[in-house]
Student: 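Mind looking over this structure? Questions follow.
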Amino acid sequence: MAETLNALERYEALRLDADAVYEAWRMPDRPRIDIAMDTSSLANGAQDTGRALAGLIASSNANVDLGQVHGYGMQWLHPTVQVTFPDGATVLYGPVRVEDAPRLLDEANGIWGAAADLRIGMIAGERDDIPSIRDHEFFSLEPRERRLTRNLGLIDPDNLQHYIARDGYRAAARMMGRHQSEEAVRNVLNEAGLTGRGGANFPTGVKWNFLFGAPGEVHYLVCNADEGDPGAWVNRVVMEGDPHLLLEGMLIGAFATKSREGFIYLRDEYPFSIQRMEHAIREAEAAGLLGDDILGTGVSFHLRVIRGAGSYVCGDETGLLSSISDDRGMPRVKPPFPAAVGALGKPSNVNNVESYANVPLILMHNAEWYREFGTERQSGTKIFSFSGDIPRVGFMELGFGASLARVLDVCGGVQGGQLKAIQPGGPLGSLVPGHVIEDLVLEPASFAPYDAILGGGGIVFCNDQTSVMVLVEMFSEFVEVESCGRCTTCHGGNQRKTEIVRRIIDGDGRREDEPNLHFIDRTIQFSNCAHGQLSPKIMRNILQHFHDDYERAVLGVDHTLTAKGLYEVVVANQRDPQLPAAVDICPTGAIQGEEGRRKVLADLCIRCGACLEVAPNAMAKQPKTARPGILALT
Ligand SMILES: Cc1cc2nc3c(=O)[nH]c(=O)nc-3n(C[C@H](O)[C@H](O)[C@H](O)COP(=O)(O)O)c2cc1C
C-alpha cells in the first residue's frame with residue numbers, strides 16, 4: 001500500500017508544480033503572443049512572422065512576451081498566432097504575415113482593434129463580440145469538447161508541466177498507483193471498442209493481449225509513426241501538438257503488455273515531430289515518468305525515437321520491425337506475427353500514434369464515455385486531415401459516422417469545378433466517385449460498397465478538372481517505386497501497370513489494355529504483403545467507377561488537358577508581348593517560325609509547361625486531334 005500512496009503522491013507533487021506554472025502561463029502578467037509552431041505553420045511562414053515579432057518587441061521594448069502553441073486546425077489560415085491577455089482571454093489571429101506584425105503587436109500591447117480584421121475567434125475567455133472558436137463553422141461537426149485534440153492552443157507542446165496541469169499522466173499514475181491489473185487495462189480498451197487507427201482497424205486491446213501472453217522477459221512496444229500517405233498528417237498533429245499524450249499512451253501500453261522498452265519509428269520527413277518527441281522523452285525521463293522506477297513503482301520503460309529513412313513499405317508493421325532490427329526494410333510474410341517475432345526477433349506490439357493517443361483518454365474516463373461518439377460499429381473520435389480542391393485545408397477531430405458531404409460543406413465546398421472524386425487512405429487506399437458523397441459517412445463500413453477503404457485519416461477532394469487517369473498514373477508509379485522488390489508480382493506487376501497507364505495518357509491506348517489491367521490486378525493480389533495486395537486498388541476503382549474517363553483516355557480524349565499525350569500546346573496570340581519569352585524559355589526550341597507566324601512543332605514539344613508559365617496569354621493548350629483510325633474504335 002505504501003507504494004500505492006507513493007505513486008499517486010509523487011504524481012500529485014508533480015501536479016502541484018505544474019498547476020502553478022500553467023496558471024502563470026494561462027494568466028500571464030503581461031500579454032503574450034504565441035506563434036503556432038508546427039510543420040504546417042512553418043511551411044506557411046511562421047518562422048518569418050515570429051522573427052518579425054521578436055524584432056519589433058526587442059526594438060520597441062514592448063511589454064509583451066513571445067511563446068508557442070500548435071495550430072488549431074485551420075491550416076488555410078496559417079501562419080496563425082494567439083494572444084493571451086492577463087485575464088486569461090486568448091484570441092486567435094490569422095493569417096499573420098510579416099507585414100501584419102506591427103499591428104498585431106499593437107493589438108497585444110493594448111491598442112485594441114489594431115488587428116481586428118485578423119481575428120478568427122476566442123480560444124479561451126471572452127472579448128467584445130469575438131465568437132468562440134468552437135462556434136466557427138469549420139469546427140461545427142466536431143464534438144463541442146475536443147478529446148484527442150483537447151490541448152491544442154491551450155498548451156505549449158514543449159512543456160510537460162502544461163500537459164500535466166491538464167490532467168496529463170493522471171491516467172498512468174492512477175493505473176500504477178492503484179495497482180490496476182494489466183488485464184483490466186486491456187479490458188477497458190476492448191469495452192471501449194478502440195481499434196487500430198493505422199488503417200486495418202484491429203482491436204487494440206486484443207493485440208495487447210497477444211503481447212502480454214507472449215513468452216520471455218523481453219517485450220517491445222513499438223509506435224508506428226511512419227505516416228507515409230500523401231494527404232495524411234493526422235499523426236503529425238498528435239506528435240507536434242501533444243507529444244506527451246502519445247508517450248502516456250505508450251507508458252500505459254508498456255505496463256499492460258509487460259514491455260520494458262519501446263521504439264517510436266518516426267519518418268525522417270517529419271523533422272519537427274522528431275524534435276518534439278525527443279524533447280518530450282527527455283522531459284518525461286527527467287520527471288521520473290519514463291526510464292527506471294517510474295513514479296517510484298519499480299516499473300521501468302525506456303523509449304527512444306528511431307528515424308525512418310523514407311521508405312513507404314517501412315510503414316507496414318513487418319517492414320518497420322525489420323528496419324528497427326537493422327535488417328533491410330522489407331515487409332515479410334505473416335505469420336509469425338509481431339507478438340511472436342518482432343523487433344530484434346523478440347515479441348512486440350505495433351500500434352499507430354493515434355491508437356496509443358486514445359488510451360490515456362479512455363482510462364481517464366471509461367468505455368462508456370468513449371462510446372458517446374462514433375457509431376455502433378466504430379466507436380470514438382478520430383482526427384482527419386482534409387485537402388485537395390477545397391478552400392479550407394485543415395484537420396478536424398470527428399466522431400466516426402460524420403457525414404462526408406457536411407465535411408465538404410464546412411471545408412468551403414469544392415473549388416475550381418464540381419466534385420469528381422474522393423481519395424481516402426493514400427496510395428493503397430481508394431478512389432470513390434464524387435457523386436456518392438451523400439451516402440458516405442466517416443466509418444470504414446460506409447466505404448466498403450465502393451471497394452474502398454477509409455484508411456488512416458487523410459482525405460483528398462478532387463474537382464472535375466482532375467484527370468483520374470493522371471491521378472492513377474501518379475499512384476501507380478508511387479506503389480511501383482515504393483515496392484520493396486521481394487515479390488515479382490508486386491514490383492513487376494506495378495511496373496507493367498504504370499507502363500500501360502502511362503501509354504494510355506500518352507495517347508496510345510489500346511483495346512487490350514483493359515483486360516490486361518484486370519489480369520495484372522488479379523496477379524498482384526498474390527503478393528506477400530499488404531503493400532502488394534492493395535497496390536492495384538486505385539486502378540481497379542478507375543475501371544469500376546470511372547470507366548467513362550478510362551474509355552475516353554483510350555480514345556485520346558481528356559477534357560482536363562492535363563494528360564500530357566492528349567493535348568497539344570499552341571500559340572494563341574501572335575501579338576502577345578510575352579511571346580518572345582516563351583520562345584526563349586522553350587528547352588527544345590519547339591516554338592519556331594518568324595514573328596507573327598510562330599507555331600509549336602508538335603514533334604519537338606515535350607509539354608513541360610514552361611512557355612505557358614512565362615506567357616500565359618500567348619500560349620494555350622488544346623485537345624489533340626484524334627489519332628487517325630482511333631475513332632473507328634468508338
Ligand atoms: C505499405 C504499408 C504502409 C503502412 N503505413 C502505415 C503507417 O504509416 N502508419 C501506420 O500506423 N500504419 C501503417 N500501415 C499499417 C501497419 O502495417 C499496421 O497495421 C499498423 O501500424 C498497426 O497499428 P494499429 O493497429 O494501431 O493501426 C501500413 C501498411 C502497409 C501495408
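Indexing begins at 1, ligand by ligand and atom by atom, following the structure's order. Quick note: residue numbers are just sequence positions, from 1.
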Student: Output, in order, the C-alpha distance, side-chain angles, deciding distance and verdict of salt bridge (Lys or Arg N to Asp or Glu O under 4.0 Å) for E480 and K497.
Tutor: CA-CA 9 Å; E480 174 202 329; K497 173 159 70 75; over 6 Å; no
Student: Look at the side chain of E443 and the backbone N and O of G401, then say whether any donor-acceptor pair between them is shorter than 3.5 Å.
Tutor: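 Not a single qualifying donor-acceptor pair exists.
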Student: Would you call N151 and H70 a side-chain contact if the rule is heavy atoms closer than 4.5 Å?
Tutor: no
Student: Distance-only, no hydrogens or angles: does the T149 side chain make a donor-acceptor pair with backbone N or O of L152 under 3.5 Å?
Tutor: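 No; judged by distance alone, with no hydrogens or angles, the pair does not exist.
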Student: With a 4.0 angstrom cut-off on heavy atoms, strictly below it, pick out the residues next to ligand 1 and order them by chain and number.
Tutor: G196, R197, G198, K207, N224, D226, E227, G228, Y312, G315, D316, E317, V350, N351, N352, S355, L428, A530, H531
Student: State plainly whether the residues R502 and E477 are in salt-bridge range, i.e. N to O under 4.0 Å.
Tutor: yes
Student: Is there a side-chain contact between L321 and Y220 in this structure, where contact means two heavy atoms from C-beta onward sitting under 4.5 Å apart?
Tutor: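 L321 does not reach Y220 side chain to side chain.
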